[in-house]
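A short worksheet on the structure shown next.
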Amino acid sequence: QVQLLESGGGLVQAGDSLRLSCAASGRTSSGYAMGWFRQAPGKEREFVATISWDDDTAYYLDVVQGRFTISRDHAKNTVYLQMNSLKPEDTAVYYCAAPRPGITTAQVEPRMYVYWGQGTQVTVAS
């Protein structure tokens with residue numbers, strides 16, 4: 001089992017920045033990719049970013065490419081999502097997720113993820 005705990009959400013103005021953190025605990029000795037997803041009110045959960053275990057290969061949702069950066073600190077078992085130039089349309093609950101240990105390549109499909117955090121609210125005011 002892997003437990004994920006997000007933090008760092010909040011209310012900001014358009015153009016501001018936030019950094020989300022996701023701390024993993026439990027069965028973290030095996031390598032695994034990590035991902036960030038988001039869900040806005042009335043919409044389906046969507047992929048935002050993912051990072052591989054070994055070489056930090058990352059993929060992004062088109063509309064956040066160039067504004068968001070995913071990174072990870074292996075020593076702290078933590079993955080981050082740096083969000084710059086935030087827009088009102090970025091408002092959502094953000095979730096971090098992990099596939100089963102052993103899946104080390106970056107994954108964009110939600111169906112590949114089996115562990116999910118509880119989510120952190122990000123609200124961007126115009």
Side-chain angles (χ1 to χ4, degrees):
Q1 289 290 332
V2 175
Q3 293 81 44
L4 304 172
L5 182 62
E6 303 99 333
S7 61
L11 171 63
V12 297
Q13 297 295 314
D16 286 350
S17 298
L18 275 178
R19 189 178 79 158
L20 306 183
S21 299
C22 174
S25 60
R27 187 185 171 191
T28 59
S29 58
S30 299
Y32 47 88
M34 290 291 291
W36 284 97
F37 293 77
R38 67 186 182 186
Q39 187 168 19
K43 295 186 177 181
E44 294 187 353
R45 189 173 299 186
E46 67 176 352
F47 162 79
V48 175
T50 180
I51 189 168
S52 67
W53 168 259
D54 47 7
D55 62 3
D56 288 349
T57 297
Y59 300 108
Y60 298 91
L61 178 67
D62 286 350
V63 295
V64 308
Q65 180 81 46
R67 299 189 296 122
F68 291 10
T69 302
I70 188 171
S71 62
R72 67 190 306 167
D73 184 331
H74 287 292
K76 296 182 178 180
N77 286 326
T78 299
V79 64
Y80 305 97
L81 186 67
Q82 178 67 43
M83 305 185 295
N84 299 328
S85 302
L86 282 162
K87 303 176 180 181
E89 50 265 43
D90 294 319
T91 295
V93 178
Y94 283 71
Y95 300 88
C96 70
R100 62 173 175 80
I103 296 180
T104 59
T105 55
Q107 303 291 328
V108 301
E109 292 291 336
R111 62 182 175 85
M112 296 301 294
Y113 291 85
V114 297
Y115 301 109
W116 295 83
Q118 85 291 345
T120 186
Q121 177 70 48
V122 172
T123 303
V124 184
S126 57

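This structure is a prediction, so every number in the text was calculated from the model and none was measured.
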Check: Asp54 main-chain N/O paired with His74 side-chain donor or acceptor under 3.5 Å: no
Nearest heavy atoms of Thr57 and Ala106, plus distance in Å: O-CB, 3.9 Å
From Thr120 atom OG1 to Tyr95 atom OH, the distance as rounded to the nearest 0.5 Å: 10.0 Å
Contact check, side chains of Asp56 and Arg72, non-hydrogen atoms, under 4.5 Å: yes
Atom pair CG (Leu20) and OG1 (Thr78), whose distance is rounded to the nearest 0.5 Å: 12.5 Å
Hydrophobic cluster membership, Ile51 vs Tyr32, 4.5 Å side-chain cutoff: yes
Heavy-atom closest pair, residues Ile70 and Met34: CD1-O, 4.2 Å
pair Tyr113-Thr50: side-chain heavy atoms closer than 4.5 Å: yes
Val64 side chain reached by Met83 side chain, heavy atoms, under 4.5 Å: no
Residue pair Pro110 / Trp116: nearest heavy atoms and the distance that separates them: O-CZ2, 3.9 Å
Leu61 reachable from Leu18 in the ILVMFWY side-chain graph, under 4.5 Å edges: yes
Spatial distance of atom CD1 (Ile103) from atom OG (Ser52) [nearest 0.5 Å]: 13.5 Å
Spacing of CG belonging to Leu86 relative to CZ belonging to Arg67, to within rounding of 0.5 Å: 6.5 Å
Shortest non-hydrogen contact between Gln107 and Phe47, atoms and distance: O-CE1, 4.0 Å
Backbone N/O of Arg38 and side chain of Glu46: donor-acceptor pair under 3.5 Å: no
Ring geometry between Phe68 and Tyr94 (parallel below 30°, tilted from 30 to 60°, perpendicular above 60°): tilted
From OG (Ser25) to CG (Leu5), nearest 0.5 Å: 8.0 Å
Joint hydrophobic cluster, Val48 plus Val63, side-chain heavy atoms closer than 4.5 Å: yes
Shortest non-hydrogen separation from Val114 to Pro99 and the atoms involved: CG2-C, 3.8 Å
Nearest heavy atoms of Pro88 and Ala14, plus distance in Å: CD-CB, 4.1 Å
Reported CD-to-CD distance for the pair Gln121 and Gln39, which is rounded to 0.5 angstrom: 11.0 Å
Joint cluster assignment, Trp53 & Tyr80, ILVMFWY side-chain distance < 4.5 Å: no
